[in-house]
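Structure first, then comments.
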2 protein chains.
Amino acid sequence: MIEKRTIELIAPSGYPHDPTALHLALQRLRAQGHHVENIHATQRRYQRFAGTDGQRAAELNRLADPSRELPDIVLAVRGGYGAVRLLHGLDYDGLQRRLRDQPIAFVGHSDFTAVQLALLAQSGVTTFGGPMLVGDFGAPEVSAFTMRHFWHALSEPTFTITSRVAQAQSADVTGTLWGGNLAVLTSLVGTPYLPPVEGGILFLEDVNEQPFRLERAIYQLQLAGILERQQALLLGDFSGGKQFEYDNGYDLNAMIEQVRSVIGIPVITGLQFGHIPDMVTLPVGAKAHLQADAHGFRLTVSGHPVLE
Amino acid sequence: MIEKRTIELIAPSGYPHDPTALHLALQRLRAQGHHVENIHATQRRYQRFAGTDGQRAAELNRLADPSRELPDIVLAVRGGYGAVRLLHGLDYDGLQRRLRDQPIAFVGHSDFTAVQLALLAQSGVTTFGGPMLVGDFGAPEVSAFTMRHFWHALSEPTFTITSRVAQAQSADVTGTLWGGNLAVLTSLVGTPYLPPVEGGILFLEDVNEQPFRLERAIYQLQLAGILERQQALLLGDFSGGKQFEYDNGYDLNAMIEQVRSVIGIPVITGLQFGHIPDMVTLPVGAKAHLQADAHGFRLTVSGHPVLE
C-alpha cells in the first residue's frame, strides 16, 4: 500500500509539450490520494524552457525557506535542457540548512542530473535518479516496474537491485553511488557543480547519442582523473544512437570494449536506468555495495532519505 | 606564387570515405609542385578510424624522431572522431624538443582540435586551424578564399583578417589566440590537454549541433572559470543545427544573447571559420590583436610558425 504523500512539482528544464501525458500523470497521482503542489510549473513557457531562468531557480530556492512546510517529494516535471543555467544562482547554503533536519526526496533524471549533482556537490544533499512527471507518471501505460522500484527506493532504508545480465568483469565494491545522464554529467567536469566523489560507484545513461559521442564523454571522465577515483562504472541504457555505414563495425559494444581497455575499473552493464519505460530509482549520493560476476549483479543501497 | 612544399599527411581521426575527393586533393597538391608524403595514412581503416590507436599515435610521434627530416607542413587528412584516444600516448617532450628548433605547420580543424590543444598544452607548440586534405583541398570546387588565407597565414609573420559583420559589442584586446571546435574543446575541460591560456582570445565553431548543445558547452567553459580568464570570445560558423517547433523561439541568436548576458567578456561574431567552404586559417597559440566595433572586426596575428 502506498502512503498518501505531498508531491511538489519543479520544472528546472524544458516545458511539457504533451498535455495528454501531463493530464494523465496528475490524474494518476491524485487517484492514489497524493497531494500535488505547484501545478503552475507545468504551465510556464519561455522559449524552450519551463519559464525564465529566474522563475525556475526561484522554485528550487523556495525549498530553503525556513518558514514554509516542506513536501515529502520534489518531482521534476521533465528533462530537456536548461538546468545548467540555474546552477550559479541556487541557494546551496540555505538548502543545506533546511534539508539537513528534514530530508526530502528530489526525483528526476536526464537534464535533472545537473541539479542533482550540484545539490550533492554544494549542499551535500542526496537525491534520486528516477521517474519524472510527464514521461513516466504520464506514460500511455504507466510501468508497474518503475512505480514499484520508485516507491520502494523512497520508503526502504536499505534496498537491493538485482540483474541477471551476464557480466564480462566481476566486482565486489562499496562506495558512494552517484551519476546520471552522461552528457549532462560531463558538462559539469571542471566546474564546482560536479561532486568530487572518491571511491564511488558511477552510474551513467544517455539517449540518442552515437557511440563515439558517448566514448568521447567517457574519455573526458578518464582524462580528467575522475574514473581512476571510482571503484566501478555501472552502465544503464544507451539506446537511440544511430548506426551508419561509415562506422564500419564500431558500435556500442566496440565502444564499451575500448573503455574497458583504457580505464582501470570494472565496467558493469545492464542497469535498467535511463530513458526507458522500466527503470529503477537510484539515490545519487547514498552508499552502495555492488557485487557482479558472470551470473549478474546485485546493488544494495542505503543511507538515502526515506519517507516516514 | 606558392613555393613548393613538403606536406606530410596524418590521420589521427576518421578514415576518408570519399575516394574522389581524396584523389582530387592529392592531384591538386601535386599539380602545384608539392611533395605529399605518408599517403598510406589515407588508406588505413579500423572501425570508423583511420587505423588503430597505435598506428595513428605513431604517425604523430614519428615527428619527434631527431634522425629524420621534417616536412614543411603536417596536414590532417580529415576530422570525424578518434583524436582523443591518442592524447595520453603522444610523445609531448620529444615533440617539444624536435619542434623547438624547427617549427613546422600543423594544419587541420574539427576533431583535430584535440591534437592542437594537447600540443599547445603539453609541448607549447603553435598549430593552425585551417583546411584539411579531403574536405577542403579535395572539395568539388576548391575555395580560392580558403587557399589564399591558408598560404598567407603560413607564409607571413604578421597577417590580418578583417570582417564587415556589424558587432553588437566592441573590443580592443591583445592576447593568445586559441580555440577550435567547441564540442572537442569542451571535451578536454578538466584534463591536462586543455591549455591553461590566460588573457586569451578564444575562437569557436561547431557544426550540426542544436543551439542548446552549444549553449551547454559554453556554460561549461563559463562555470569552469575558463571564459573569465579570456578577453574575448570570437564565434565562427555554427550552421547545421536543426530547429524544432518545441524550441519556441529559442535559436542561435537567442543562445548568443544568453551567453552575452552571462559571461563578462565581449562576444564577437561572424568569423569565417568552421565547417564551411570559405574559411580563414588561424594559429592556435600565437599572439593576436582583436579590434571590433559596429562596423566589423580586425584580427591581427603574429608569432606563429612561418614557412621559410
Side-chain angles (χ1 to χ4, degrees), chain A residues 13-18 45-49 53 80-89 111 114 118 183-184 186-194 209-226 243-251 254-255 257-259 261-262, chain B residues 13-18 45-49 53 80-89 111 114 118 183-184 186-194 209-226 243-251 254-255 257-259 261-262:
Chain A
S13 307
Y15 66 83
H17 47 73
D18 182 347
R45 278 194 189 193
Y46 173 70
Q47 296 175 348
R48 57 176 292 134
F49 310 99
D53 296 0
Y81 166 73
V84 77
R85 287 181 168 206
L86 314 183
L87 300 188
H88 69 281
D111 195 52
V184 175
T186 51
S187 80
L188 301 180
V189 172
T191 81
Y193 307 110
L194 191 78
E209 297 283 7
Q210 278 184 263
F212 85 81
R213 283 179 178 263
L214 303 170
E215 184 182 296
R216 185 168 62 194
I218 295 173
Y219 259 87
Q220 181 165 18
L221 301 178
Q222 169 69 10
L223 296 178
I226 292 162
Q243 282 293 117
F244 296 91
E245 194 185 331
Y246 180 78
D247 289 324
N248 187 31
Y250 176 80
D251 58 11
M255 181 280 276
E257 284 316 305
Q258 174 76 9
V259 165
S261 76
V262 170
Chain B
S13 307
Y15 66 82
H17 47 75
D18 182 347
R45 278 195 190 193
Y46 172 70
Q47 295 175 349
R48 58 176 292 134
F49 310 99
D53 296 0
Y81 167 72
V84 77
R85 287 181 169 207
L86 315 183
L87 300 187
H88 68 281
D111 196 53
V184 174
T186 51
S187 80
L188 300 181
V189 172
T191 80
Y193 307 110
L194 191 78
E209 297 282 9
Q210 278 183 264
F212 85 82
R213 284 181 178 262
L214 302 170
E215 184 183 297
R216 185 168 64 193
I218 294 173
Y219 259 87
Q220 182 165 17
L221 300 179
Q222 170 68 10
L223 297 177
I226 292 163
Q243 282 293 118
F244 296 92
E245 194 185 331
Y246 180 78
D247 290 324
N248 187 32
Y250 176 80
D251 58 11
M255 181 281 275
E257 285 316 305
Q258 174 75 10
V259 166
S261 76
V262 170

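Any value given below was found using the heavy atoms of this structure, including those in side chains, with hydrogens, waters and symmetry copies removed. Numbered from 1 within each chain, the chains take letters A, B, ... in sequence-line order.
A:Gln220 places none of its side-chain heavy atoms less than 4.5 Å from the side chain of B:Thr186.
Looking at every heavy atom in both residues, A:Leu223 comes nearest to B:Pro192 through O-CD, 3.3 Å. In this structure, B:Arg85 and A:Tyr219 approach most closely via the heavy-atom pair CG-OH, 3.6 Å. Pairing each heavy atom of B:Thr191 with each of A:Ala224, the nearest pair is CG2-N, 3.8 Å.
Per-residue counts of heavy-atom pairs under 4.5 Å with chain B were compared for A:Val262, A:Val84, A:Asp53; the largest is that of A:Val84. Looking only at heavy-atom pairs under 4.5 Å with chain A, the residue among B:Glu245, B:Glu209, B:Gln222 that has the most is B:Glu209. For the options A:Arg45, A:His17, A:His88, A:Gln258, heavy-atom pairs under 4.5 Å to chain B are most numerous at A:Gln258. Annotation: maximal heavy-atom pairing with chain B below 4.5 Å, among A:Ala183, A:Gly249, A:Ser187, A:Gly82, occurs at A:Ser187.
With a 4.5 Å cut-off on non-hydrogen atoms, A:Phe244 does not touch chain B at all. Heavy-atom distances place the side chain of A:Arg213, and not its backbone, under 4.5 Å from chain B. Within the 4.5 angstrom heavy-atom criterion, atoms from both the backbone and the side chain of A:Tyr246 approach chain B.
Side-chain polar atoms of B:Gln210 and A:Tyr81 form no donor-acceptor pair below 3.5 angstrom.
B:Tyr250 and A:Tyr46 have their aromatic ring centers separated by at least 6.0 angstrom.
Only one option out of B:Asn248, B:Asp247, B:Asp251 pairs with A:Arg48 in a side-chain hydrogen bond (donor to acceptor under 3.5 Å, both in side chains); it is B:Asp247.
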